[in-house]
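Just so you know, these numbers use all the heavy atoms, side chains as well, and skip hydrogens, waters and symmetry mates. Since this is a predicted model, take the numbers as computed values, not measurements.
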There are 2 protein chains.
Amino acid sequence: MADFPAFSVTADLVVLTVQGNELRVLLVRRGIEPYRGAWALPGGFVLPDEDLDAAAVRELREETGLTAPVGHLEQLASYGAPGRDPRGRVVTVAYLALLPHLPAPVAGSDAEGAAWVALPPGELAFDHARILADGVERARAKLEYSPLATAFCPPEFTITELREVYETVWDARLDPRNFHRKVTGTPGFVEPVGRSIAAERGRPAQLFRRGPARLLHPPMLRPTP
Amino acid sequence: MADFPAFSVTADLVVLTVQGNELRVLLVRRGIEPYRGAWALPGGFVLPDEDLDAAAVRELREETGLTAPVGHLEQLASYGAPGRDPRGRVVTVAYLALLPHLPAPVAGSDAEGAAWVALPPGELAFDHARILADGVERARAKLEYSPLATAFCPPEFTITELREVYETVWDARLDPRNFHRKVTGTPGFVEPVGRSIAAERGRPAQLFRRGPARLLHPPMLRPTP
DNA sequence: CCCTTTATCGTCACGATGACGATAAGCTCC
DNA sequence: GGAGCTTATCGTCATCGTGACGATAAAGGG
(Lines give C-alpha, C1' and ligand atoms only; values in the text may rest on other atoms or scores of the structure.)
Protein backbone atom coordinates (compact mmCIF):
# COMPACT_ATOMS: atom_id res chain seq x y z
CA MET A 1 0.00 0.00 0.00
CA ALA A 2 2.98 2.26 -0.03
CA ASP A 3 2.05 3.18 -3.57
CA PHE A 4 -1.00 5.27 -2.73
CA PRO A 5 -0.76 6.51 0.83
CA ALA A 6 -1.79 10.06 0.13
CA PHE A 7 -5.24 10.07 1.73
CA SER A 8 -6.59 11.25 5.02
CA VAL A 9 -10.00 9.99 6.05
CA THR A 10 -12.49 11.78 8.28
CA ALA A 11 -15.86 10.79 9.67
CA ASP A 12 -18.21 13.77 9.66
CA LEU A 13 -21.70 13.87 11.10
CA VAL A 14 -25.01 15.30 9.98
CA VAL A 15 -26.80 15.31 13.33
CA LEU A 16 -30.44 16.30 13.01
CA THR A 17 -33.06 16.91 15.65
CA VAL A 18 -36.53 18.34 15.81
CA GLN A 19 -37.34 21.06 18.26
CA GLY A 20 -40.24 23.41 18.28
CA ASN A 21 -41.42 23.02 14.71
CA GLU A 22 -37.88 23.39 13.45
CA LEU A 23 -35.46 20.93 11.97
CA ARG A 24 -32.04 21.68 13.42
CA VAL A 25 -28.54 20.49 12.71
CA LEU A 26 -25.62 20.28 15.09
CA LEU A 27 -22.82 22.53 13.88
CA VAL A 28 -19.46 23.50 15.32
CA ARG A 29 -17.58 26.72 14.80
CA ARG A 30 -14.13 25.98 13.48
CA GLY A 31 -11.28 27.10 15.72
CA ILE A 32 -8.48 26.61 13.24
CA GLU A 33 -7.71 27.27 9.62
CA PRO A 34 -8.95 26.66 7.05
CA TYR A 35 -12.40 28.16 7.36
CA ARG A 36 -11.58 29.43 10.83
CA GLY A 37 -14.70 30.87 12.41
CA ALA A 38 -17.03 29.25 9.94
CA TRP A 39 -19.74 26.74 10.79
CA ALA A 40 -18.96 23.15 9.92
CA LEU A 41 -20.31 19.68 10.48
CA PRO A 42 -18.83 17.99 13.53
CA GLY A 43 -16.34 15.26 12.80
CA GLY A 44 -12.73 14.35 12.74
CA PHE A 45 -10.06 12.02 11.53
CA VAL A 46 -10.51 8.30 11.62
CA LEU A 47 -7.88 6.87 13.93
CA PRO A 48 -5.22 4.51 12.57
CA ASP A 49 -6.84 1.43 14.08
CA GLU A 50 -10.48 2.45 14.10
CA ASP A 51 -13.41 1.29 12.01
CA LEU A 52 -15.39 3.94 10.13
CA ASP A 53 -18.56 3.28 12.10
CA ALA A 54 -16.61 3.36 15.35
CA ALA A 55 -15.17 6.72 14.41
CA ALA A 56 -18.65 8.06 13.77
CA VAL A 57 -19.90 6.76 17.09
CA ARG A 58 -16.91 8.27 18.86
CA GLU A 59 -17.38 11.64 17.22
CA LEU A 60 -21.07 11.61 18.05
CA ARG A 61 -20.27 10.89 21.68
CA GLU A 62 -17.62 13.56 21.82
CA GLU A 63 -19.94 16.18 20.37
CA THR A 64 -23.14 15.33 22.18
CA GLY A 65 -22.06 13.43 25.26
CA LEU A 66 -24.34 10.62 24.18
CA THR A 67 -23.46 7.19 25.47
CA ALA A 68 -26.77 5.36 25.56
CA PRO A 69 -27.95 3.86 22.30
CA VAL A 70 -30.58 6.46 21.53
CA GLY A 71 -31.69 7.79 18.19
CA HIS A 72 -30.30 6.49 14.95
CA LEU A 73 -26.94 6.50 13.18
CA GLU A 74 -26.19 5.32 9.65
CA GLN A 75 -23.61 5.90 6.99
CA LEU A 76 -24.66 8.57 4.52
CA ALA A 77 -22.11 8.82 1.71
CA SER A 78 -18.47 9.58 1.02
CA TYR A 79 -17.00 12.70 -0.47
CA GLY A 80 -13.52 12.87 -1.92
CA ALA A 81 -13.24 15.46 -4.66
CA PRO A 82 -9.68 16.73 -5.08
CA GLY A 83 -9.37 20.17 -3.58
CA ARG A 84 -12.39 19.91 -1.29
CA ASP A 85 -9.96 20.37 1.60
CA PRO A 86 -7.18 22.87 0.92
CA ARG A 87 -4.85 21.03 3.27
CA GLY A 88 -4.60 17.95 1.12
CA ARG A 89 -6.39 14.92 -0.12
CA VAL A 90 -9.14 14.16 2.35
CA VAL A 91 -11.93 11.64 1.92
CA THR A 92 -14.85 12.23 4.22
CA VAL A 93 -17.21 9.44 5.14
CA ALA A 94 -20.38 11.21 6.21
CA TYR A 95 -22.84 9.77 8.70
CA LEU A 96 -26.42 10.73 9.40
CA ALA A 97 -27.65 10.81 12.99
CA LEU A 98 -31.22 11.46 14.08
CA LEU A 99 -31.68 12.34 17.73
CA PRO A 100 -34.45 13.45 20.05
CA HIS A 101 -33.96 16.93 21.32
CA LEU A 102 -31.50 16.73 24.17
CA PRO A 103 -32.47 18.73 27.21
CA ALA A 104 -28.85 18.82 28.34
CA PRO A 105 -26.61 21.34 26.63
CA VAL A 106 -24.18 20.03 24.08
CA ALA A 107 -21.33 18.90 26.26
CA GLY A 108 -17.87 17.57 25.81
CA SER A 109 -17.31 19.27 22.54
CA ASP A 110 -13.73 20.04 21.73
CA ALA A 111 -14.65 22.57 19.12
CA GLU A 112 -14.82 26.26 19.79
CA GLY A 113 -18.57 26.17 20.02
CA ALA A 114 -21.34 23.84 19.10
CA ALA A 115 -24.95 24.77 18.51
CA TRP A 116 -28.21 23.50 17.16
CA VAL A 117 -28.86 25.60 14.06
CA ALA A 118 -32.20 25.81 12.29
CA LEU A 119 -32.25 24.90 8.64
CA PRO A 120 -31.13 26.17 6.32
CA PRO A 121 -27.95 27.41 7.95
CA GLY A 122 -25.72 30.01 6.37
CA GLU A 123 -22.45 29.26 4.68
CA LEU A 124 -20.65 26.12 5.77
CA ALA A 125 -17.00 25.16 5.56
CA PHE A 126 -15.66 22.82 2.85
CA ASP A 127 -18.45 21.06 0.93
CA HIS A 128 -20.46 20.60 4.09
CA ALA A 129 -23.50 22.37 2.66
CA ARG A 130 -23.75 19.64 0.06
CA ILE A 131 -23.29 16.90 2.66
CA LEU A 132 -25.94 18.47 4.85
CA ALA A 133 -28.36 18.71 1.95
CA ASP A 134 -27.79 15.05 1.15
CA GLY A 135 -28.40 14.14 4.78
CA VAL A 136 -31.61 16.11 5.02
CA GLU A 137 -32.88 14.59 1.81
CA ARG A 138 -32.02 11.11 3.09
CA ALA A 139 -33.90 11.79 6.31
CA ARG A 140 -36.93 13.09 4.45
CA ALA A 141 -37.02 10.07 2.21
CA LYS A 142 -36.50 7.58 5.01
CA LEU A 143 -39.46 8.88 6.98
CA GLU A 144 -41.59 7.57 4.17
CA TYR A 145 -40.69 3.92 4.25
CA SER A 146 -39.09 3.42 7.67
CA PRO A 147 -40.13 4.11 11.25
CA LEU A 148 -37.12 6.39 11.73
CA ALA A 149 -39.27 9.33 12.75
CA THR A 150 -39.32 7.68 16.17
CA ALA A 151 -35.58 8.37 16.42
CA PHE A 152 -36.46 12.05 16.75
CA CYS A 153 -38.75 11.30 19.70
CA PRO A 154 -37.97 10.47 23.31
CA PRO A 155 -38.40 6.82 24.31
CA GLU A 156 -42.08 7.42 25.05
CA PHE A 157 -44.09 9.76 22.91
CA THR A 158 -47.60 10.56 21.75
CA ILE A 159 -48.97 10.19 18.26
CA THR A 160 -49.19 13.94 18.06
CA GLU A 161 -45.49 14.31 18.85
CA LEU A 162 -44.71 11.81 16.14
CA ARG A 163 -46.90 13.68 13.70
CA GLU A 164 -45.16 16.93 14.51
CA VAL A 165 -41.86 15.25 13.61
CA TYR A 166 -43.24 14.35 10.21
CA GLU A 167 -44.70 17.79 9.73
CA THR A 168 -41.45 19.48 10.66
CA VAL A 169 -39.12 17.31 8.60
CA TRP A 170 -41.40 17.34 5.59
CA ASP A 171 -42.56 20.90 6.11
CA ALA A 172 -46.10 19.76 5.48
CA ARG A 173 -49.33 19.48 7.41
CA LEU A 174 -50.86 16.08 7.98
CA ASP A 175 -54.42 15.28 8.99
CA PRO A 176 -54.29 14.23 12.66
CA ARG A 177 -57.08 11.67 12.27
CA ASN A 178 -55.70 9.93 9.22
CA PHE A 179 -52.19 10.04 10.66
CA HIS A 180 -53.40 8.43 13.86
CA ARG A 181 -55.16 5.69 11.93
CA LYS A 182 -52.15 5.05 9.74
CA VAL A 183 -49.58 4.91 12.51
CA THR A 184 -51.57 2.75 14.88
CA GLY A 185 -52.66 0.54 12.01
CA THR A 186 -49.18 -0.23 10.68
CA PRO A 187 -47.92 -3.36 12.46
CA GLY A 188 -44.73 -2.81 14.41
CA PHE A 189 -44.52 0.92 13.92
CA VAL A 190 -45.44 1.89 17.48
CA GLU A 191 -46.52 -0.01 20.58
CA PRO A 192 -48.81 1.38 23.27
CA VAL A 193 -47.18 1.86 26.63
CA GLY A 194 -50.52 1.72 28.42
CA ARG A 195 -50.28 5.06 30.11
CA SER A 196 -51.43 8.49 29.13
CA ILE A 197 -49.99 11.92 29.56
CA ALA A 198 -51.74 15.19 29.93
CA ALA A 199 -50.72 18.00 27.67
CA GLU A 200 -51.26 21.66 28.45
CA ARG A 201 -54.70 21.58 26.93
CA GLY A 202 -57.16 19.06 25.65
CA ARG A 203 -57.67 15.38 26.17
CA PRO A 204 -54.64 13.44 27.47
CA ALA A 205 -52.91 11.32 24.87
CA GLN A 206 -51.77 7.73 25.03
CA LEU A 207 -48.04 7.08 25.21
CA PHE A 208 -46.28 4.86 22.71
CA ARG A 209 -42.79 3.54 22.18
CA ARG A 210 -41.18 2.51 18.91
CA GLY A 211 -42.13 -0.92 17.62
CA PRO A 212 -39.96 -3.64 16.11
CA ALA A 213 -40.70 -2.86 12.46
CA ARG A 214 -37.74 -1.77 10.36
CA LEU A 215 -39.73 -0.97 7.25
CA LEU A 216 -43.20 0.44 6.75
CA HIS A 217 -45.52 -1.55 4.50
CA PRO A 218 -47.15 0.30 2.91
CA PRO A 219 -45.10 3.47 3.32
CA MET A 220 -46.17 6.82 4.70
CA LEU A 221 -46.63 9.05 1.71
CA ARG A 222 -45.66 12.69 1.58
CA PRO A 223 -48.60 14.86 0.60
CA THR A 224 -48.47 15.96 -3.03
CA PRO A 225 -48.95 19.71 -2.99
CA MET B 1 -2.87 16.48 6.83
CA ALA B 2 0.52 15.05 7.53
CA ASP B 3 -0.87 13.85 10.83
CA PHE B 4 -3.07 11.09 9.44
CA PRO B 5 -1.81 10.03 6.04
CA ALA B 6 -2.07 6.32 6.61
CA PHE B 7 -4.94 5.51 4.28
CA SER B 8 -5.24 4.14 0.80
CA VAL B 9 -8.57 4.56 -0.97
CA THR B 10 -10.01 2.29 -3.62
CA ALA B 11 -13.13 2.48 -5.74
CA ASP B 12 -14.64 -0.97 -6.15
CA LEU B 13 -17.61 -1.85 -8.28
CA VAL B 14 -20.65 -4.06 -7.87
CA VAL B 15 -21.62 -4.41 -11.52
CA LEU B 16 -24.89 -6.26 -11.97
CA THR B 17 -26.63 -7.42 -15.09
CA VAL B 18 -29.56 -9.65 -15.96
CA GLN B 19 -29.12 -12.42 -18.45
CA GLY B 20 -31.32 -15.40 -19.01
CA ASN B 21 -33.30 -15.38 -15.80
CA GLU B 22 -30.11 -14.93 -13.79
CA LEU B 23 -28.74 -12.00 -11.90
CA ARG B 24 -25.01 -11.86 -12.56
CA VAL B 25 -22.14 -9.87 -11.15
CA LEU B 26 -18.91 -8.91 -12.85
CA LEU B 27 -15.98 -10.46 -11.01
CA VAL B 28 -12.25 -10.57 -11.65
CA ARG B 29 -9.82 -13.25 -10.66
CA ARG B 30 -7.02 -11.76 -8.64
CA GLY B 31 -3.58 -12.12 -10.17
CA ILE B 32 -1.58 -10.99 -7.16
CA GLU B 33 -1.46 -11.55 -3.45
CA PRO B 34 -3.33 -11.32 -1.22
CA TYR B 35 -6.19 -13.61 -2.23
CA ARG B 36 -4.34 -14.55 -5.41
CA GLY B 37 -6.60 -16.66 -7.58
CA ALA B 38 -9.76 -15.69 -5.72
CA TRP B 39 -12.73 -13.89 -7.22
CA ALA B 40 -13.04 -10.24 -6.30
CA LEU B 41 -15.03 -7.19 -7.22
CA PRO B 42 -13.38 -5.11 -9.92
CA GLY B 43 -11.84 -1.87 -8.76
CA GLY B 44 -8.63 -0.12 -7.99
CA PHE B 45 -6.94 2.73 -6.27
CA VAL B 46 -8.25 6.23 -6.56
CA LEU B 47 -5.59 8.31 -8.27
CA PRO B 48 -3.96 11.21 -6.42
CA ASP B 49 -5.89 13.84 -8.32
CA GLU B 50 -9.08 11.99 -9.12
CA ASP B 51 -12.59 12.36 -7.74
CA LEU B 52 -14.23 9.27 -6.26
CA ASP B 53 -16.98 9.21 -8.87
CA ALA B 54 -14.40 9.66 -11.63
CA ALA B 55 -12.43 6.72 -10.32
CA ALA B 56 -15.55 4.57 -10.40
CA VAL B 57 -16.32 5.62 -13.96
CA ARG B 58 -12.74 4.92 -15.00
CA GLU B 59 -12.74 1.49 -13.40
CA LEU B 60 -16.06 0.67 -15.02
CA ARG B 61 -14.69 1.66 -18.39
CA GLU B 62 -11.50 -0.31 -17.89
CA GLU B 63 -13.40 -3.43 -16.90
CA THR B 64 -16.23 -3.34 -19.39
CA GLY B 65 -15.02 -1.16 -22.21
CA LEU B 66 -18.08 1.01 -21.70
CA THR B 67 -17.77 4.57 -22.86
CA ALA B 68 -21.31 5.58 -23.71
CA PRO B 69 -23.51 6.65 -20.83
CA VAL B 70 -25.54 3.47 -20.58
CA GLY B 71 -26.99 1.83 -17.53
CA HIS B 72 -26.69 3.34 -14.09
CA LEU B 73 -23.90 4.10 -11.64
CA GLU B 74 -24.23 5.32 -8.08
CA GLN B 75 -22.23 5.30 -4.90
CA LEU B 76 -23.12 2.40 -2.64
CA ALA B 77 -21.24 2.70 0.66
CA SER B 78 -17.75 2.82 2.13
CA TYR B 79 -15.93 0.08 3.98
CA GLY B 80 -12.92 0.72 6.14
CA ALA B 81 -12.61 -1.79 8.94
CA PRO B 82 -9.04 -2.18 10.16
CA GLY B 83 -7.62 -5.42 8.87
CA ARG B 84 -10.02 -5.82 5.97
CA ASP B 85 -6.98 -5.63 3.69
CA PRO B 86 -3.87 -7.39 5.02
CA ARG B 87 -1.61 -4.99 3.15
CA GLY B 88 -2.59 -1.99 5.21
CA ARG B 89 -5.26 0.51 5.96
CA VAL B 90 -7.54 0.64 2.94
CA VAL B 91 -10.87 2.40 2.70
CA THR B 92 -13.00 1.18 -0.15
CA VAL B 93 -15.71 3.35 -1.63
CA ALA B 94 -18.05 0.90 -3.31
CA TYR B 95 -20.20 1.79 -6.31
CA LEU B 96 -23.21 0.02 -7.73
CA ALA B 97 -23.56 -0.27 -11.50
CA LEU B 98 -26.56 -1.72 -13.31
CA LEU B 99 -25.99 -2.60 -16.94
CA PRO B 100 -27.84 -4.29 -19.77
CA HIS B 101 -26.25 -7.52 -20.82
CA LEU B 102 -23.35 -6.63 -23.07
CA PRO B 103 -23.15 -8.71 -26.22
CA ALA B 104 -19.44 -7.90 -26.54
CA PRO B 105 -17.13 -9.87 -24.29
CA VAL B 106 -15.67 -8.10 -21.30
CA ALA B 107 -12.77 -6.27 -22.86
CA GLY B 108 -9.91 -4.15 -21.69
CA SER B 109 -9.69 -5.77 -18.33
CA ASP B 110 -6.31 -5.65 -16.76
CA ALA B 111 -7.12 -8.44 -14.36
CA GLU B 112 -6.23 -12.04 -14.97
CA GLY B 113 -9.75 -12.82 -16.01
CA ALA B 114 -13.13 -11.23 -15.76
CA ALA B 115 -16.45 -13.02 -15.92
CA TRP B 116 -20.15 -12.61 -15.33
CA VAL B 117 -20.91 -14.88 -12.40
CA ALA B 118 -24.41 -15.91 -11.39
CA LEU B 119 -25.47 -15.13 -7.85
CA PRO B 120 -24.62 -16.17 -5.31
CA PRO B 121 -20.95 -16.56 -6.19
CA GLY B 122 -18.54 -18.61 -4.12
CA GLU B 123 -16.01 -17.13 -1.77
CA LEU B 124 -14.82 -13.64 -2.54
CA ALA B 125 -11.65 -11.83 -1.56
CA PHE B 126 -11.53 -9.33 1.30
CA ASP B 127 -15.00 -8.31 2.53
CA HIS B 128 -16.34 -8.26 -1.01
CA ALA B 129 -19.10 -10.75 -0.21
CA ARG B 130 -20.56 -8.23 2.19
CA ILE B 131 -20.20 -5.40 -0.31
CA LEU B 132 -21.86 -7.49 -2.99
CA ALA B 133 -24.72 -8.39 -0.67
CA ASP B 134 -25.23 -4.72 0.13
CA GLY B 135 -25.25 -3.88 -3.56
CA VAL B 136 -27.78 -6.57 -4.44
CA GLU B 137 -30.03 -5.47 -1.62
CA ARG B 138 -29.79 -1.85 -2.77
CA ALA B 139 -30.70 -2.87 -6.29
CA ARG B 140 -33.66 -4.92 -5.10
CA ALA B 141 -34.96 -2.06 -3.01
CA LYS B 142 -34.47 0.55 -5.71
CA LEU B 143 -36.52 -1.37 -8.23
CA GLU B 144 -39.47 -0.68 -5.99
CA TYR B 145 -39.49 3.05 -6.00
CA SER B 146 -37.35 4.02 -9.00
CA PRO B 147 -37.38 3.18 -12.69
CA LEU B 148 -33.89 1.72 -12.44
CA ALA B 149 -34.98 -1.62 -13.82
CA THR B 150 -34.67 0.04 -17.21
CA ALA B 151 -30.93 0.29 -16.63
CA PHE B 152 -30.79 -3.49 -17.03
CA CYS B 153 -32.48 -3.23 -20.43
CA PRO B 154 -31.17 -2.15 -23.82
CA PRO B 155 -32.24 1.32 -25.00
CA GLU B 156 -35.42 -0.14 -26.49
CA PHE B 157 -37.20 -2.96 -24.75
CA THR B 158 -40.58 -4.61 -24.36
CA ILE B 159 -42.73 -4.68 -21.27
CA THR B 160 -42.06 -8.39 -21.01
CA GLU B 161 -38.29 -7.81 -20.97
CA LEU B 162 -38.76 -5.27 -18.22
CA ARG B 163 -40.93 -7.68 -16.28
CA GLU B 164 -38.30 -10.39 -16.59
CA VAL B 165 -35.80 -7.98 -15.05
CA TYR B 166 -38.06 -7.52 -12.04
CA GLU B 167 -38.72 -11.24 -11.79
CA THR B 168 -35.04 -12.05 -11.95
CA VAL B 169 -33.80 -9.44 -9.51
CA TRP B 170 -36.61 -10.09 -7.05
CA ASP B 171 -36.74 -13.83 -7.70
CA ALA B 172 -40.50 -13.56 -7.88
CA ARG B 173 -43.20 -14.05 -10.48
CA LEU B 174 -45.35 -11.11 -11.47
CA ASP B 175 -48.68 -11.19 -13.27
CA PRO B 176 -47.98 -10.04 -16.85
CA ARG B 177 -51.33 -8.26 -17.18
CA ASN B 178 -51.12 -6.31 -13.94
CA PHE B 179 -47.47 -5.52 -14.58
CA HIS B 180 -48.31 -4.18 -18.01
CA ARG B 181 -51.06 -2.01 -16.60
CA LYS B 182 -48.86 -0.70 -13.81
CA VAL B 183 -45.85 0.14 -15.96
CA THR B 184 -47.74 1.80 -18.77
CA GLY B 185 -49.94 3.61 -16.28
CA THR B 186 -47.14 5.17 -14.25
CA PRO B 187 -46.33 8.55 -15.79
CA GLY B 188 -42.76 8.85 -16.99
CA PHE B 189 -41.74 5.27 -16.36
CA VAL B 190 -41.59 4.19 -20.01
CA GLU B 191 -42.41 5.84 -23.32
CA PRO B 192 -43.64 4.02 -26.40
CA VAL B 193 -41.24 4.03 -29.31
CA GLY B 194 -44.04 3.39 -31.78
CA ARG B 195 -42.61 0.24 -33.29
CA SER B 196 -43.07 -3.38 -32.47
CA ILE B 197 -40.76 -6.31 -32.46
CA ALA B 198 -41.52 -9.93 -33.09
CA ALA B 199 -40.32 -12.43 -30.56
CA GLU B 200 -39.72 -16.06 -31.34
CA ARG B 201 -43.31 -16.91 -30.60
CA GLY B 202 -46.52 -15.14 -29.94
CA ARG B 203 -47.84 -11.70 -30.70
CA PRO B 204 -45.22 -9.03 -31.38
CA ALA B 205 -44.71 -6.58 -28.56
CA GLN B 206 -44.48 -2.83 -28.57
CA LEU B 207 -41.08 -1.29 -27.96
CA PHE B 208 -40.51 1.25 -25.19
CA ARG B 209 -37.66 3.36 -23.96
CA ARG B 210 -37.11 4.67 -20.46
CA GLY B 211 -39.11 7.73 -19.49
CA PRO B 212 -38.06 10.87 -17.64
CA ALA B 213 -39.36 9.84 -14.21
CA ARG B 214 -36.76 9.43 -11.48
CA LEU B 215 -39.13 8.10 -8.86
CA LEU B 216 -42.17 5.88 -9.09
CA HIS B 217 -45.33 7.19 -7.44
CA PRO B 218 -46.77 4.97 -6.22
CA PRO B 219 -43.97 2.41 -6.07
CA MET B 220 -43.88 -1.06 -7.54
CA LEU B 221 -44.43 -3.40 -4.65
CA ARG B 222 -42.66 -6.69 -4.21
CA PRO B 223 -45.11 -9.53 -3.82
CA THR B 224 -45.54 -10.61 -0.21
CA PRO B 225 -45.04 -14.37 -0.18
C1' DC C 1 -72.11 23.23 33.86
C1' DC C 2 -70.79 25.05 29.43
C1' DC C 3 -67.07 25.94 26.40
C1' DT C 4 -62.65 25.19 24.40
C1' DT C 5 -59.13 22.15 23.12
C1' DT C 6 -57.11 18.00 21.77
C1' DA C 7 -57.38 12.84 21.16
C1' DT C 8 -59.61 9.15 19.04
C1' DC C 9 -63.14 6.69 16.34
C1' DG C 10 -66.38 6.38 12.13
C1' DT C 11 -68.02 7.08 7.50
C1' DC C 12 -67.72 7.55 2.67
C1' DA C 13 -65.91 8.00 -2.02
C1' DC C 14 -62.11 7.07 -4.83
C1' DG C 15 -57.86 5.33 -6.74
C1' DA C 16 -54.56 1.41 -6.77
C1' DT C 17 -54.10 -3.40 -6.74
C1' DG C 18 -54.49 -8.67 -7.12
C1' DA C 19 -57.00 -12.29 -9.41
C1' DC C 20 -58.35 -13.66 -13.59
C1' DG C 21 -61.36 -13.73 -18.00
C1' DA C 22 -61.33 -12.15 -22.85
C1' DT C 23 -59.45 -10.63 -27.08
C1' DA C 24 -55.63 -9.55 -30.47
C1' DA C 25 -51.90 -10.78 -33.37
C1' DG C 26 -48.24 -13.18 -34.64
C1' DC C 27 -46.29 -18.10 -35.57
C1' DT C 28 -46.14 -23.34 -37.22
C1' DC C 29 -48.14 -27.21 -39.13
C1' DC C 30 -51.06 -29.66 -42.00
C1' DG D 1 -56.02 -21.14 -45.67
C1' DG D 2 -57.49 -22.53 -41.23
C1' DA D 3 -56.59 -24.92 -36.66
C1' DG D 4 -54.05 -24.47 -32.85
C1' DC D 5 -50.42 -22.52 -30.06
C1' DT D 6 -48.13 -18.70 -27.88
C1' DT D 7 -47.60 -14.24 -26.20
C1' DA D 8 -49.31 -9.29 -25.87
C1' DT D 9 -52.79 -6.32 -24.43
C1' DC D 10 -57.33 -4.92 -22.67
C1' DG D 11 -61.35 -5.47 -19.31
C1' DT D 12 -63.81 -6.70 -15.09
C1' DC D 13 -64.48 -7.05 -10.31
C1' DA D 14 -63.73 -7.32 -5.34
C1' DT D 15 -60.76 -5.49 -1.96
C1' DC D 16 -57.73 -2.37 0.42
C1' DG D 17 -55.47 1.88 1.54
C1' DT D 18 -56.23 6.65 1.67
C1' DG D 19 -57.94 11.59 1.78
C1' DA D 20 -61.68 14.36 3.36
C1' DC D 21 -64.23 15.24 7.08
C1' DG D 22 -68.08 14.36 10.66
C1' DA D 23 -68.75 12.64 15.43
C1' DT D 24 -67.51 11.45 20.01
C1' DA D 25 -64.42 11.31 24.20
C1' DA D 26 -61.79 13.39 27.81
C1' DA D 27 -59.42 16.72 29.93
C1' DG D 28 -59.15 21.98 31.98
C1' DG D 29 -60.94 26.80 32.64
C1' DG D 30 -64.44 30.07 33.26
Inset, instruction - Can you label the angle between the B:H180 ring and the B:F208 ring as parallel, tilted or perpendicular, going by 30° and 60°? - result: perpendicular
Legend entry - Phosphate OP1/OP2 of C:dT17 contacted by B:K182 side-chain N/O (<4.0 Å): yes
Legend entry - Donor on one side chain, acceptor on other, A:Y95 and A:D53, under 3.5 Å: yes
Inset, instruction - May I ask you to list the residues of residues 158-176 of chain A, by number, that have any heavy atom positioned under 4.0 Å from an atom of DNA chain D? - result: A:D175
Inset, instruction - To the nearest Å, give me how far apart NE2 (A:H180) and C1' (C:dT6) are. - result: 11 Å
Legend entry - Sole residue of A:V14, A:L73, A:L16, A:V15 in side chain to side chain contact (heavy atoms under 4.5 Å, CB included) with A:L98: A:L16
Legend entry - Test: A:R29 cationic atom under 6.0 Å from A:W39 six-membered ring centre, within 45° of axis: yes
Inset, instruction - Under 4.0 Å from any heavy atom of chain B: name the first and the last nucleotide of DNA chain D that qualifies, 5' to 3'. - result: D:dT6 to D:dT12
Legend entry - N-O pairing of B:R210 and B:E191 below 4.0 Å: no
Legend entry - Evaluation steps, side-chain hydrogen bond (donor to acceptor under 3.5 Å, both in side chains), between A:R209 and A:T150: CA-CA 8 Å; A:R209 64 169 63 95; A:T150 57; over 6 Å; no
Inset, instruction - Verify the ring-centre separation between B:Y166 and B:F179: is it less than 6.0 angstrom? - result: yes
Inset, instruction - Pick out which of A:I131, A:D127, A:L13 makes a side chain to side chain contact (heavy atoms under 4.5 Å, CB included) with A:L41. - result: A:I131
Inset, instruction - Please check if any side-chain donor atom of B:T92 sits under 3.5 Å from a side-chain acceptor atom of B:R84, or the reverse. - result: yes
Inset, instruction - Do nucleotides 25-30 of chain C as a string where each nucleotide becomes B, S or -: B if the base has a protein heavy atom under 4.0 Å, S if just the sugar-phosphate does, - if no protein is that close. - result: BS----
Legend entry - Side-chain ion pair, A:D134 and A:R138, N-O less than 4.0 Å: no
